[in-house]
Amino acid sequence: MTRIRHNDYGVLRPPEPGTWRPSLKVSVVIPAYDCQEALDRTVPALARQTYPAELVEVIVADDGSEPPLRVPGARVVRVTGGWGRGAARQAGQLAATGDVIHWLDSDMILADDHLEAHMRWHHLIDYAVVIGDTRFVDAPGEEGVQSAYTRKILESTRRLKDAGANPYLLHTGASSSVRADLLRAAGGVDAS
């Protein structure tokens, strides 16, 4: 496995989507609260992914929605230890069985190769935290707009390669992934 120094991941050569054979299982964990309509759009997009379906599990961590969320194609777990995003992420990752935990916001509109784009990095290195390129749209099908903050950080750090000890500056969690064993070794998610 290649060693990455100071977040300069440029030494890695991930394969182009569609040109490789994945083997790691990914658990997509979606923290959710009273967002049935958003989930009804986001979860079906996970079924269209280019990443092999047999290597994907979807877990929705319902943080007390009333009525409880119903999500075909996903396992729904109720958050019992606390409340909020941290508690939902922790509940979801504790229920997960995948090699990689991929957090996803409930209102994401995904490209069909979204999971594959993340997972190709985890197949190369077992201690990476991968963030998605999140863009904002008013309606599905529109060209997305990257936040000015994100654009500034990416441009000033060669897409985080020069971020040194501060690559977490863009880790918002809307679309991020990490190896499950690394997350467990770090103590999981702070549920408070």
| query | So, does Q49 use its side chain to make a donor-acceptor pair with the main chain of L115 at under 3.5 Å? | reply |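 Side chain of Q49 to backbone of L115: a pair is present.
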| Full working for side chain to side chain contact (heavy atoms under 4.5 Å, CB included) between D107 and R41 | CA-CA 8 Å; D107 61 351; R41 180 180 55 248; 4.3 Å; yes
Answer yes if [X] and [Y] sit in the same cluster of Ile, Leu, Val, Met, Phe, Trp and Tyr residues linked by side chain heavy atoms under 4.5 Å apart, and no otherwise.
X    : Y    : value
L104 : L24  : yes
L94  : V79  : no
V71  : M108 : yes

The criterion is side-chain contact (heavy atoms from CB on, under 4.5 Å); which residues satisfy it with [X], sequence neighbours excluded?
X    : value
A117 : R120
D40  : Q36
A32  : C35, L39, V60, L69
A45  : R48, L110

4.5 Å side-chain heavy-atom contact, [X] and [Y]:
X    : Y    : result
V178 : V100 : no
H122 : V130 : yes
V28  : L46  : yes
R3   : Y127 : yes

Indicate the atoms forming the closest heavy-atom contact of [X] with [Y], along with that distance.
X    : Y   : value
A61  : G92 : CB-N, 4.1 Å
L55  : P22 : CD1-O, 3.8 Å
I101 : A96 : CD1-CB, 3.5 Å

| field | Set of residues satisfying side chain to side chain donor-acceptor pair (under 3.5 Å) with respect to R78, sequence neighbours excluded | value |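 Expected list: D62, E66.
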| query | More than 12 heavy atoms of other residues, nucleotides or ligands under 6.0 Å from CD of E37: is that the case? | reply | no
| request: Assess whether side chain to side chain contact (heavy atoms under 4.5 Å, CB included) is satisfied between S106 and T42, documenting all intermediate values. | output: CA-CA 6 Å; S106 61; T42 300; 5.5 Å; no
| task | Could I get the full list of ring-ring contact (aromatic ring centres under 6.0 Å, His included) partners for W83, not counting sequence neighbours? | result | none
| field | Pairs where residues 12-65 contributes a residue and the test ring-ring contact (aromatic ring centres under 6.0 Å, His included) is met, not counting sequence neighbours | value | W20-H123
| message | side chain to side chain contact (heavy atoms under 4.5 Å, CB included), that's the test. Do L183 and Q93 meet it? Break it down for me. | response | CA-CA 9 Å; L183 180 60; Q93 73 96 16; 3.4 Å; yes
| request: Return each pair, listed once, that meets salt bridge (charged side-chain N to carboxylate O under 4.0 Å, His left out) where at least one residue sits in residues 67-76; pairs must be two or more places apart or across chains. | output: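 Only E57-R75 qualify under salt bridge (charged side-chain N to carboxylate O under 4.0 Å, His left out).
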| said: Does anything in residues 181-192 form a salt bridge (charged side-chain N to carboxylate O under 4.0 Å, His left out)? List the pairs, not counting sequence neighbours. | reply: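 Every pair satisfying salt bridge (charged side-chain N to carboxylate O under 4.0 Å, His left out) with a residue in residues 181-192: there are none.
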| query | Would M119 and D113 count as a side chain to side chain contact (heavy atoms under 4.5 Å, CB included) if you check the C-alpha gap in whole Å, the side-chain angles of each, and the deciding distance to 0.1 Å? | reply | CA-CA 10 Å; M119 292 300 292; D113 64 354; over 6 Å; no
| field | Side-chain donor-acceptor contact under 3.5 Å, H118 with S175 | value | yes
| request: Indicate whether the side chain of H102 and that of S27 have a donor and an acceptor atom separated by less than 3.5 Å. | output: no
| said: Please report the interatomic distance CG(L182) to CG(D126), rounded to the nearest 0.5 Å. | reply: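 Between L182 CG and D126 CG, I get 8.0 Å after rounding to 0.5 Å.
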